[in-house]
Amino acid sequence: MTLMTFMGEQRSEIIKALTQHIHLVVFSVLLGILISIPAGIFLSRHKAFAAPVLAAVGVIQTIPGLVMLGLALILLGTGTQTALAVLAVYSILPILRNTYTGITEVDSGILEAGRGIGMTRRQMLFNVQLPLATTSIVSGIRISTVYIVSWATLAGLIGAGGLGDLIWTGLATYNTNYILAGALPSAVLAFLFSGVIGLFERLLTPRGLKGGRA
Amino acid sequence: MITFKNVSKSYGSKKILKDLTFSIRAGEFVVLIGPSGCGKTTTLKTINRLIEPDSGEISIDGMNIRSRNPVELRRSIGYVIQQIGLFPNMTVEQNIAVVPKLLKTSKEQWKQIVQEMLELVGMPYEENAHKYPSELSGGQQQRIGVLRALAASPPIVLMDEPFGALDPITRDSLQDEVKKLQKRLKKTIGFVTHDMEEALRLADTIVFMNEGEIVQMASPEEMLRNPASDLIRDFMGRHTNPHSEQPELFAEDLMRTRVLKVPYSLHTLECVDRMNRREVNSVIVLNEDDTFMGTVTLDTVRERGKAGREIGELVGNDVPAIDRRMPAQEAFDLLLSSTANYLVVLNTDQTVAGIVTKTSMAKAMGEALWGAVLS
């Protein structure tokens, strides 16, 4: 049986898995954003914490996904929520790091001018630092999302569904068609997410930062 | 009026400001100058509380600035820095309007302010208001930096080496503009620089600082005339621009070189003959090795000259001889006070370079003043 006919026959199953997969990615990355951006802002204002926290998050990032899932399984049980929690943890580092560097790399002259003309720290953050850090933050989100699309295939192992289901079924039954029916859409998905977020990145970059400096 | 009373500041064991007491009158343009690390920038930043002194009191119009909210205080004081610090994510208009907006000025009002501000520096609104800082030249960026500081009409503006990073031509024109704006808008300005020429040009009063103390506080004229220390003198010298309006002149710039010179061994009659032919009544006499011996006038020859004798016997030294590197002013004073009506200018090897007469001096000074003079 060719791949195309297989995918035609299993269309509804594949679409269901794909929808689940997108859910997993979108919600875990959103969760990651909700944690990382405020945390990045906090670290940029309390720089003493920045190095240890970024190092700790970096260490978490190196724990293999399977080990993490295993731990989560023991602690939280099976299901979508467990998968979401694990994936969210993995999405934190790139966004956190890019938020932190995006804010802290704003030119010190700009900060001094802002302070000197009477902006509060809050006004500096929202009117200057965050707009200037946007490009960096969105690019962090893009990196995270692409990661998470592939990590999310592991979610099938703990019953959270997604394209991973197809891949694991294929691996268990030596069925190449199943494997490809899971792997190909997930690759395309990563590609699409990256493109769409890249578009956002360009849209959100303040106009004054586009093009070189005079 | 800004008053400093016994203001001190240390970082660790290093004293940055030592018991500063001075005041800046309303409407005064005060320039703080001194070598790096002298405390001039620290002094400036204590005024808008970017830096808090350890002790002492700073007051503005009699009110201790410590009793004021620092953020509100800063909104009432303009601030311009060397790095310019325009917000790159905002347009020119948004940058200028930042402080008026912070002060909750209505949109019509701040739009009006932006228009007026851009007019002040001759940058048309339509052409510039919607540009981003990255689309402007360095000089234009700092013009906007100055406008941002002026937009909320603060009575006081602080400027920390605002033109230090600009090229000399742009710096010149911005200095002019700032001086004009200050006079027109009657601002009190605190200005930090390390460039004495800039200080001399802008200041009503120069405050010269060194190692956290004020060495001299005086008008530019007074400081030029009576620098209080060698360091200040050194600063003035070092920062004298060779292209400034008053070029340094030396004796050699005042002299004329076509002069009658005769060897000491020349016979008296022959010498008189040459003087008559050149229509001069005085002649320079040289030693055997061409060095300067002295001068002889026709009168002396008539009184004491004997035919057949050498002219060298009659040489007198009533005409002053000066080095060609003598400053022009000294040469000028010497010529006016001397009984002789010219000076002999010597090269370093004591040979004669030329003479300075009242005519040659007037011509050289005319040239310095009005450019080349055709005689």
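Just so it is clear: chains get the letters A, B, ... in the order the sequence lines come, proteins before strands, and each one is counted from 1. The figures that follow rest on heavy atoms only: side chains count, while hydrogens, waters and symmetry mates do not. These numbers were taken from a predicted model, which means no experiment stands behind them.
- For the pair B/P88 and A/L132, the tightest heavy-atom approach, listed with the atom from each and the gap, is CG-CD2, 3.6 Å.
- Residue B/I84 touches chain A through its backbone alone, counting heavy-atom pairs closer than 4.5 Å.
- For B/V71, the parts sitting under 4.5 Å from any heavy atom of chain A are the backbone and the side chain alike.
- Between chain B and the options A/P206, A/A113, A/G114, A/G116, the largest number of non-hydrogen pairs under 4.5 Å is found for A/G116.
- The part of B/L102 that comes within reach of chain A is its side chain, from C-beta onward, which places non-hydrogen atoms under 4.5 angstrom from that chain.
- Around CZ of A/F193, the count of heavy atoms belonging to other residues, nucleotides or ligands within 6.0 Å exceeds 12.
- In this structure, A/Q81 places its CD atom where only 12 or fewer heavy-atom neighbours from other residues, nucleotides or ligands lie under 6.0 Å away.
- In the displayed structure, B/R66 atom CZ is contacted under 6.0 Å by more than 12 heavy atoms of other residues, nucleotides or ligands.
- The contact between B/I77 and chain A is made entirely by backbone atoms, counting heavy-atom distances below 4.5 Å.
- Residue-environment remark: CD1 (B/I169) stays at or below the threshold of 12 foreign heavy atoms within 6.0 Å.
- Heavy atoms of other residues, nucleotides or ligands lying less than 6.0 angstrom from NZ of B/K15 number 12 at most.
- Residues A/I117 and B/R75 come closest through the heavy atom pair O-CG, 3.6 Å.
- Counting heavy atoms from C-beta outward, B/T91 and A/R207 have side chains that stay 4.5 Å or more apart.
- Considering every non-hydrogen atom in both B/S134 and A/G208, the closest pair reads OG-O, 3.0 Å.
- Under a cut-off of 6.0 angstrom, the local environment of NZ in B/K5 is sparse, with at most 12 non-hydrogen atoms contributed by other residues, nucleotides or ligands.
- Within 6.0 Å of atom CZ in B/R25, 12 or fewer heavy atoms from other residues, nucleotides or ligands are found, so the atom counts as exposed in its surroundings.
- Looking at B/V98, only its side chain comes within 4.5 Å of chain A, counting heavy atoms on both sides.
- The line from CG of B/N89 to CG of A/N127 is 8.0 Å long, rounded to the nearest 0.5 Å.
- Side-chain contact between A/R115 and B/Y79 is absent, with no heavy-atom pair separated by less than 4.5 Å.
- Residues B/K101 and A/Q123 fail the side-chain proximity criterion, which asks for heavy atoms closer than 4.5 Å.
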